[in-house]
Protein chains: 2
Amino acid sequence: MDVEKIIKTEKEIPLKSRTIIHFMLLYAKINEKISTMLKPFEVSLQQFNVLRILRGQNGKAANLSTLNERMVTKMSNTTRLVDKLLLKGYVHRQTCPTNRRKIEITITELGNRQLEQMDRAMKDAEDTILQNLSHKELEQLNVLFNKF
Amino acid sequence: MDVEKIIKTEKEIPLKSRTIIHFMLLYAKINEKISTMLKPFEVSLQQFNVLRILRGQNGKAANLSTLNERMVTKMSNTTRLVDKLLLKGYVHRQTCPTNRRKIEITITELGNRQLEQMDRAMKDAEDTILQNLSHKELEQLNVLFNKF
DNA sequence: GAACAATAATTGTATATACAAATATATGTT
DNA sequence: AACATATATTTGTATATACAATTATTGTTC
């Protein structure tokens, strides 16, 4: 982790700036590892998250607004994101019969099976990324993250 | 910060997964604040970083490979990224006279002036993002980040 | 010094993401 | 019922990013 990589001045970098830059570099690193891990499944991190949200519904359908609300990114993507999962046969979509504006999304059997495999790969990625942090340090990190 | 937002299961989320998800949500939050802050200047975070790297050169030119090496993202973008800064008049580009494969990039007067304003806005953004963290907590965070 | 490899940057293409506008359906008001 | 308003999703467009292929120049080797 080389913070000096981005900013290199004669002056020392203030603690706050250093923290933010550090965070950004770390993000790039983590994101790369996770993308690599998801590559064999041909899904993006976002698509993976949608599948996880759908599984969390325990069989209940989720409409696009619900998915969008739970996700980090914005609405306009959700339609196209689900389109891609649909193409792979990981989800099923149906217009809500009581309110035809709504679209109900459910995860398919295939989606669930693939997701289980992704889970295992994800666990490996997490272990790699966090291998140098102890249980106590991870807890510290979560406490600090909660303050943001 | 709501980790349950992405994964919602009957089981408790393991500490490592929780940490990664937490991190991702935090990234989205921070990234949004920084983008908002940069919006008036019509530059992306990447473009801002290029300008900071160039300033760090203290007048010396940087070629595209150097910029790329210092940045988080990949080469292919660097050309187009610099193109945009060029359009705004923030940088100057010139073929290296001794090695005509290389392109030398320098920051312009205008670029420097704008960058100073961005610095101020960035400082405000950092203060907002990190307002709930004490000096000690920031130091803790940096120590933990270094372990990744 | 011709042929090949290495380096530096650019371009093409596909996909991802952000923002705004448009469409379709439902609800509330007079 | 006609109208405006709200809700849910989709589409268009511009920009961002990733990966591979291409071009231009330089360096190396026989």
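Just so it is clear: chains get the letters A, B, ... in the order the sequence lines come, proteins before strands, and each one is counted from 1.
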Exercise. Do the side-chain N or O atoms of B/Lys84 get closer than 4.0 angstrom to the phosphate oxygens (OP1, OP2) of D/dA16?
Worked result: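 Checking B/Lys84 against D/dA16: at least one side-chain N or O falls below 4.0 Å of OP1 or OP2.
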Exercise. Counting just side-chain N and O atoms, does B/Lys39 come under 4.0 Å of either OP1 or OP2 of C/dC19?
Worked result: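 Answer is yes, contact under 4.0 Å.
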Provide, to the nearest angstrom, the distance between the [atom1] atom belonging to [X] and the [atom2] atom belonging to [N].
X        : N      : atom1 : atom2 : answer
A/Asn31  : D/dT17 : CG    : P     : 12 Å
A/Leu38  : C/dT15 : CG    : P     : 17 Å
A/Leu87  : C/dA14 : CG    : P     : 16 Å
A/Glu32  : D/dC19 : CD    : C1'   : 13 Å
B/Arg100 : D/dT25 : CZ    : P     : 5 Å
B/Leu45  : C/dT17 : CG    : C1'   : 15 Å
A/Gln47  : C/dT15 : CD    : P     : 11 Å

Exercise. Taking it one step at a time, do A/Lys88 and A/Gln47 satisfy side chain to side chain donor-acceptor pair (under 3.5 Å)?
Worked result: CA-CA 11 Å; A/Lys88 298 197 188 75; A/Gln47 290 174 36; 3.3 Å; yes
Problem set entry | More than 12 heavy atoms of other groups within 6.0 Å of B/Glu32 CD |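 It does not: B/Glu32 CD has 12 such atoms or fewer within range.
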Exercise. In terms of heavy-atom contacts, does CD of B/Glu109 have more than 12 from other residues, nucleotides or ligands at under 6.0 Å?
Worked result: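 Atom CD in B/Glu109 is not packed in, count stays at 12 or less.
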For this session: Look at the side-chain heavy atoms of Ile, Leu, Val, Met, Phe, Trp and Tyr, link any pair under 4.5 Å apart, and say whether B/Leu51 and B/Leu86 land in one connected group.
Result: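 Per the 4.5 Å side-chain linkage, B/Leu51 and B/Leu86 are co-clustered.
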For this session: Report, as a single string ordered 5' to 3', how protein heavy atoms within less than 4.0 Å touch nucleotides 3-13 of chain D: B base, S sugar-phosphate only, - not at all.
Result: ---BBSSBBBB
For this session: Apply salt bridge (Lys or Arg N to Asp or Glu O under 4.0 Å) to B/Lys39 and list each qualifying residue two or more places apart in sequence or on a separate chain.
Result: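 Expected list: none.
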Exercise. Between A/Gln46 and A/Thr98, who's closer to the 5' end of DNA chain C by nearest nucleotide?
Worked result: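 Comparing both residues, the 5'-ward one is A/Gln46.
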Exercise. Using 30° and 60° as the class limits, which term best fits the ring planes of B/Tyr27 and A/Phe23: parallel, tilted or perpendicular?
Worked result: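 The rings of B/Tyr27 and A/Phe23 lie parallel, inter-plane angle below 30°.
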